[in-house]
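Residue numbers start at 1 and run along the sequence shown.
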Amino acid sequence: MMENNMTENKMNERKMTADIIDNITDNVTGDVVGGDIAEKPLARKIMVQGTMSNSGKSFLVAGLCRILKQDGYRTAPFKSQNMALNSYITKNGLEIGRAQAMQAESAGIEPTVEMNPILLKPTSQMGSQVIVNGEVYGNLRAMDYYRRKPEFIPAVKEAFGKLEEKFDAIVIEGAGSPAEINLRDNDIVNMGLAELVDAPVILVGDIDRGGVFASLYGTVSLLEPREQARIKGLVINKFRGDKKILEPGLRMIEEKLHIPVIGVIPMEQIDLDDEDSLSDRLTRTGSEEMIKGGLDLAVIRLPHISNFTDFNALERHPGVQLRYVERASQLGNPDLILLPGTKNTISDLIWLRESGLEPAILRKTEFDRVPVIGICGGYQMLGEQLSDPNGVEGEEGRIIRGMGLLPARTVFEQRKTRGQTEVVLRGNTGMFEACALGSLVNGYEIHMGITELTGKAKPIFARNPEQTEKENGTESFHDQERQVQTSQTWESQNWEGLEREDGLVLGTYLHGLFDNEELTEALLEKLAKKKGISLEMTTESQESYKQRQYDKLADLVRESLDMEAIYRIMGFDRKECWNAELRNKESKKLKLRVKR
């Protein structure tokens, strides 16, 4: 409880500081003309590119967004084209990359579709579902998309223009590396975008993988002279050790490239939502000591796993270990098995079967009574049958047997269900029995297909009666003819999710399920009781925890980068830089005063 009070005090302290500083330096982004604030100029901008994927671009963009917010600037993230299976649904039901939603949260603003106008969700090694302005454009093979990229430039320009008019600063994220010379033509995400919106660039290299100086030098050398001229600073990320040992290398790379190194960011544990398939989370296999003393939760790492951030909230609780499993030999004896979402349910179900994980899961559930929860694609797999009459996931007319753990069948449809969702917990739910009947549960849905009941099972959630049906077809059970007759009579078709009668298997389309703290605590307490252990629950709210991580990131980036250089690169004039410096100084003074 003491730790919780300290955390809440820190949050209040930060809010007091921010409010006072805002009053001190209000309206600094406008120019004073005759006593009035002139019309707001277009947003200042900076672009973060990397020498490779997972170099830390998303991390740095989020940090800069938070710093600029703290310094009083209305700031937005932007990524013209994102390739990821982790996505987010905006308030108006449009789909964007999860990283841009996280960055917007760091900036203290609501995520909007303009922050990521093009999202590519891989469906195979050679193709992706293309989402433009938050809506499905279609499935394209890689070469077809490459040839048609110029068609999407107007959407990118329009989205960026809207942000430019609304915000003081925009922090842009590139993708992969700008030195992918085979993709230079028609580039709309790296140097092509930087030229399109006239943005200066800082280049980030990952020293943790080794060869950082070679990757920085090679990347810059492969660019055209006009592109090289856009790079205003180099950043080395994920550094471990004594910086003095690194300094000779920093001087040499500056001499060779004639570009200053503006920061070295040390490796630090900061818990942010990530979307990359290279995420360190997916390689966690757990420790024997932790497994014995606490709860062991096993997430099946499907080949096309999506929205694995669904499970991040479970990791926050002491005594809970979350690990990812991709072989039957790794499954062990978990206390709970989690089947995540996937962009290709049928393909991943076949993989699950061929890898030996499906029979291993069935044995654990039916003989060892280990509970299973499936989210979205994982929910679809748990049923008895999956049918794809229109070839949404590949072969037209395909029918495949499900795992048979839930009395349900899924029919894939070309229409995509997406929207933020609020539901109400129904009674007699085994997994969440400690939750109060009628508890509100929030999340979001992204799926193609409907799941129908084929036998006896319990609905988990009732959709909030106040929720309208304008969420692009979120109501999946409105057609009475499609509902299979059972011995149970439903008072309403307005329900979501299923739980088997014995309470051992549960499926839902609701992403973000475990962000609902009451629900998660009820589940973990039930598992701990079954295992015969006492589990300590964190007392810090999910929102407080997230904001603390963003502030921790901002502190790290601010201390590691030459922020005066960042402001100069973005084109802030002396007066604006002075005001930003004043904010920092006043912030430090006020923090000391509040602490005293």
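Contact of the Pro334 side chain with the Arg323 side chain is registered, since non-hydrogen atoms from C-beta on lie closer than 4.5 Å. Residues Asp208 and Arg240 meet the side-chain proximity criterion, which asks for heavy atoms closer than 4.5 Å. Two residues are said to be in side-chain contact when any heavy atoms from C-beta on lie closer than 4.5 Å; Phe59 and Ile265 meet this criterion. A heavy-atom distance below 4.5 Å is found between the side chains of Lys364 and Leu331. Side-chain contact between Asp515 and Asn442: absent, with no pair of heavy atoms (C-beta onward) separated by less than 4.5 Å. The shortest distance between side-chain heavy atoms of Val48 and Glu173 does not fall below 4.5 Å. Looking at heavy atoms from C-beta onward, Leu60 lies in side-chain contact with Ile202 at the 4.5 angstrom threshold. Met115 has its side chain out of reach of Gln103: every pair of non-hydrogen atoms, C-beta onward, lies at least 4.5 Å apart.
Between Asp71 and Arg558 there is a salt bridge, since at least one side-chain N of the basic residue sits less than 4.0 Å from a carboxylate O of the acidic one. Checked for salt-bridge contact, Glu95 and Lys121 meet the test: a charged N lies under 4.0 Å from a carboxylate O. The pair Glu445-Arg463 meets the salt-bridge criterion, with a side-chain N (NZ, NE, NH1 or NH2) lying under 4.0 Å from an Asp/Glu carboxylate O. Between Glu135 and Lys416, no side-chain nitrogen of the basic residue sits less than 4.0 Å from a carboxylate oxygen of the acidic one, so the salt-bridge criterion is not met.
Judged by distance alone, with hydrogens and angles left aside, the side-chain atoms of Ser55 form a donor-acceptor pair with the main-chain N or O of Met52 at under 3.5 Å. The backbone N or O of Ile89 lies less than 3.5 Å from a partner atom in the side chain of Gln420, making a donor-acceptor pair. At least one donor-acceptor pair closer than 3.5 Å links the side chain of Asp562 to the backbone N or O of Glu564. Between the side chain of Gln49 and the backbone N or O of Gly174 there is no donor-acceptor pair closer than 3.5 Å. The backbone N or O of Gln269 lies less than 3.5 Å from a partner atom in the side chain of Lys552, making a donor-acceptor pair. With Arg98 contributing its side chain and Tyr88 its backbone, the two residues share no donor-acceptor pair below 3.5 Å. Not a single donor-acceptor pair under 3.5 Å links the side chain of Asp168 to the backbone N or O of Ala43. At least one donor-acceptor pair closer than 3.5 Å links the side chain of Glu499 to the backbone N or O of Met431.
Atom SG of Cys376 sits about 12.0 Å away from atom CG of Leu339, to the nearest 0.5 Å. Once rounded to the nearest 0.5 Å, the distance linking NZ of Lys458 with CG of Leu498 reads 11.0 Å. Note: Arg500 CZ to Leu506 CG = 11.5 Å, rounded to the nearest 0.5 Å. The structure places CD of Glu518 at 8.0 Å from CG of Leu425, a figure rounded to the nearest 0.5 Å. Taken to the nearest 0.5 Å, the NZ atom of Lys526 stands 11.5 Å off from the SG atom of Cys435. One distance of note links CD1 of Ile236 with OG of Ser560; it measures 12.0 Å at 0.5 Å rounding.
In terms of heavy atoms, Val441 sits closest to Leu513 at CG1-CD1, 4.3 Å. Taking all atoms of both residues into account, the shortest heavy-atom contact from Pro459 to Trp495 is CB-CE3, 3.8 Å. Closest heavy-atom contact between Pro117 and Lys79: CD-O, 3.6 Å. In terms of heavy-atom proximity, Lys530 sits nearest to Pro371 at NZ-CD, 3.7 Å. Annotation for Ala199 and Met47: closest pair CB-CB, 4.3 Å, computed over non-hydrogen atoms. Here the shortest heavy-atom pairing between Asp335 and Leu527 reads O-CD2, 3.5 Å.
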_Verdict with reasoning, Val372 to Val370, per side-chain contact (heavy atoms from CB on, under 4.5 Å)_ = CA-CA 7 Å; Val372 178; Val370 175; 5.6 Å; no
*side-chain contact (heavy atoms from CB on, under 4.5 Å) between Leu440 and Val424: does it pass, once the steps are laid out?*
CA-CA 5 Å; Leu440 285 178; Val424 176; 3.8 Å; yes
*Step by step, would you call Asn133 with Leu94 a side-chain contact (heavy atoms from CB on, under 4.5 Å)?*
CA-CA 7 Å; Asn133 290 326; Leu94 300 174; over 6 Å; no
*Audit row: Asp273, Lys546, side-chain contact (heavy atoms from CB on, under 4.5 Å) steps and yes/no*: CA-CA 9 Å; Asp273 280 354; Lys546 278 188 175 183; 4.3 Å; yes
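Ring planes of Phe308 and Tyr324: perpendicular class, angle over 60° (limits at 30 and 60°). Ring orientation note: the planes of Tyr567 and Tyr73 are tilted relative to one another, at an angle of 30° to 60°.
Side-chain contact annotation: Asp206 with Asn54, donor-acceptor N/O pair under 3.5 Å absent. Side-chain contact annotation: Glu114 with Thr112, donor-acceptor N/O pair under 3.5 Å present. In summary, the side chains of Gln542 and Arg316 do present a donor paired with an acceptor at a separation below 3.5 Å, with no hydrogens or angles considered. A side-chain donor from one of Thr451 and Tyr509 sits under 3.5 Å from a side-chain acceptor of the other.
Applying the ring pair (Phe, Tyr, Trp, His ring centres under 6.0 Å) criterion to Phe432, with sequence neighbours excluded, gives no partner residue. Residues forming a side chain to side chain donor-acceptor pair (under 3.5 Å) with Asp348 (at least two apart in sequence, or on another chain): His304, Thr342. Shown here are the salt bridge (Lys or Arg N to Asp or Glu O under 4.0 Å) partners of Lys45, two or more places apart in sequence or in another chain: Glu164. For Thr520, the side-chain contact (heavy atoms from CB on, under 4.5 Å) criterion is met by Leu314, His317, Phe514, Leu524, not counting sequence neighbours. Listed by chain and number, the residues in a ring pair (Phe, Tyr, Trp, His ring centres under 6.0 Å) with Phe160 are Phe78 (sequence neighbours excluded).
The environment of Lys91 atom NZ is sparse: at most 12 non-hydrogen atoms of other residues, nucleotides or ligands sit within 6.0 angstrom.
For the side chain to side chain donor-acceptor pair (under 3.5 Å) with Tyr444, the qualifying choice from Asn307, Thr90, Thr421 is Asn307, the only one to do so.
Residues in residues 48-67 take part in these salt bridge (Lys or Arg N to Asp or Glu O under 4.0 Å) pairs, two or more places apart or across chains: Arg66-Asp551.
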